[in-house]
S.K.: 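I'd like to ask you about the structure that follows.
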Amino acid sequence: MILTVTMNPSVDISYPLEKLIINDVNRVADVSKSAGGKGLNVSRVARQLSCKVVATGIIGGTIGEYIQEQLDQQKIQHNFYRTTKESRNCIAILHEGNQTEILEDGPILSDQEETDFLLHFSSMLMDNQISVITISGSLPRGLSQDCYVKMIEHANAKNILVVLDTSGEPFRRVLETTNIRPTVIKPNISELSALEDKAFDGNWKELKAVLEGPRYRDIEWIIVSMGSEGAFAKHHDKYYHVEVPRITAISPVGSGDATVAGIAKALEAGRTDEDLLKMAMTTGVLNTLEERTGYINCENYDFYYEQIKITQI
Ligand code: ATP
């Protein structure tokens, strides 16, 4: 079973408007509200890939209730730690071909809530049903920057594989705590550039040199996603360049999350290097072809899978 982690989930509200009128009333007829957050996108795509999935993280209040109802409707199992603090709304106003977003930060959580969540998380690993954990996105305010380090410590102790897709300080902390290791990290090229404080443009030699650094030692898989340019990957001491077909993207938002779902499925099934990379890229490409975030059309899976080109370098 795959356990997906979303620490700061949201209700994503979309307001389509013909025109956004500033400093006046805007009325919206066609509102859509869905459970959002990178880990929940992973959950949805993993379900579409016929994986057994359970979603966890922290939720609270009536927004938290709504998130759970949405997951129930989508038949995604969940087991969140609940607080009394309200989860967040994220609003996207679609107007005149633009997307204006208003993103709430979400609740400020306490040290006690972190401790209680970690107990909840570690208890979920006890029944030996979870074989892969995906950890996606940022941490809510108030939690320690080491929260993912502590979660990976629990997973490592149980030999559960971990796919980590985060950025900034929580990512840096994991990489610099060398006694714990995620199985896979999937930074995109700009997240890697921010971490290394160096602008990468996809040049293989440069990427290879940086991934050989001490920060990345003993991380089994490093998959640097590069949007329409595919990915650069390292598995143990093998390096791969992965090309994806040229397509007309509809919405690339959430393609990294779909990629994580593909990685988790391949890890769970113990696939070969080539298969894992092809599955990861296919799910990313399929998400890019959809308007909906965290959704793929599985009917086109084989068509795109066959077009992914892997070169060992
Ligand atoms: P997000 O944060 O929105 O989830 P990301 O930045 O983490 O995404 P990307 O590197 O943009 O992830 O994309 C992940 C994968 O999705 C790519 O490696 C590729 O397989 C596929 N992909 C994304 N954009 C495109 C595109 N324009 N054309 C083809 N494939 C794409």
Side-chain angles (χ1 to χ4, degrees), residues 4-10 12 34-46 48-49 90 92 99 101 103 134-138 163-168 170-171 182 184-195 199-202 204 207 221-235 239-266 273-297 300-311:
T4 65
V5 178
T6 317
M7 296 300 279
N8 202 5
S10 56
D12 290 350
S34 59
K38 290 177 75 62
L40 298 186
N41 296 336
V42 177
S43 314
R44 275 191 287 266
V45 176
Q48 288 192 279
L49 294 169
C90 290
Q99 178 158 334
E101 297 193 9
L103 309 180
T134 67
I135 301 176
S136 308
S138 57
V163 186
L164 178 69
D165 180 13
T166 189
S167 57
F171 188 31
V184 183
I185 55 172
K186 193 225 68 67
N188 65 26
I189 192 102
S190 42
E191 287 160 350
L192 185 75
S193 300
L195 182 79
F200 293 105
D201 60 4
W204 303 348
L207 286 168
W221 273 103
I222 302 168
I223 301 177
V224 182
S225 67
M226 301 191 295
S228 61
E229 299 301 315
F232 178 84
K234 174 177 188 282
H235 186 215
Y239 289 85
Y240 299 96
H241 177 238
V242 193
E243 287 171 79
V244 295
R246 292 268 158 240
I247 52 158
T248 306
I250 308 287
S251 168
V253 182
S255 296
D257 306 331
T259 297
V260 167
I263 295 170
K265 168 146 180 147
D273 287 13
E274 183 172 325
D275 214 8
L276 181 143
L277 291 170
K278 283 192 174 182
M279 285 171 87
M281 292 297 103
T282 305
T283 46
V285 169
L286 288 174
N287 179 84
T288 305
L289 290 165
E290 302 292 326
E291 198 126 353
R292 277 158 73 183
T293 302
Y295 176 83
I296 61 172
N297 181 351
N300 295 329
Y301 185 91
D302 291 342
F303 177 75
Y304 288 103
Y305 183 94
E306 296 305 331
Q307 295 180 64
I308 310 292
K309 203 172 142 213
I310 316 256
T311 316

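Indexing begins at 1, ligand by ligand and atom by atom, following the structure's order. FYI, the numbering just counts along the sequence from 1. Just the heavy atoms: all of them, side chains too, but no hydrogens, waters or symmetry mates, feed the values below.
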S.K.: Could you check whether any side-chain N or O of T166 sits under 3.5 Å from a backbone N or O of F171, counting only pairs where one atom can act as donor and the other as acceptor?
M.R.: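 Answer holds: no.
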
S.K.: Quick check: does any side chain N or O of T4 sit under 3.5 Å from a backbone N or O of T134, one acting as donor and the other as acceptor?
M.R.: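 Answer holds: no.
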
S.K.: Pairing donors with acceptors under 3.5 angstrom, does anything connect the side chains of K186 and T259?
M.R.: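 No, no side-chain donor-acceptor contact under 3.5 Å.
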
S.K.: Between side-chain atoms of residues 288-295 and protein atoms elsewhere (two or more places apart, or another chain), which donor-acceptor pairs fall under 3.5 Å?
M.R.:
from : atom 1 : to   : atom 2 : distance (Å)
T288 : OG1    : S255 : OG     : 2.8
T288 : OG1    : G284 : O      : 2.8

S.K.: Mind checking what makes side-chain contact (heavy atoms from CB on, under 4.5 Å) contact with E306, not counting sequence neighbours?
M.R.: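 So E306 forms no side-chain contact (heavy atoms from CB on, under 4.5 Å) with any residue.
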
S.K.: As a test of reading the model: which residues have a non-hydrogen atom less than 4.0 Å away from ligand 1?
M.R.: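 Ligand 1 is contacted, at a heavy-atom distance under 4.0 Å, by K38, K186, N188, S225, M226, G227, S228, G230, V244, I247, A249, P252, V253, G254, S255, G256, D257, T259, M281, G284, V285, T288.
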
S.K.: Name all residues meeting the salt bridge (charged side-chain N to carboxylate O under 4.0 Å, His left out) criterion together with K265; count only those two or more places apart in sequence or in a different chain, and write none if there are none.
M.R.: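 Not a single residue meets the salt bridge (charged side-chain N to carboxylate O under 4.0 Å, His left out) criterion with K265.
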
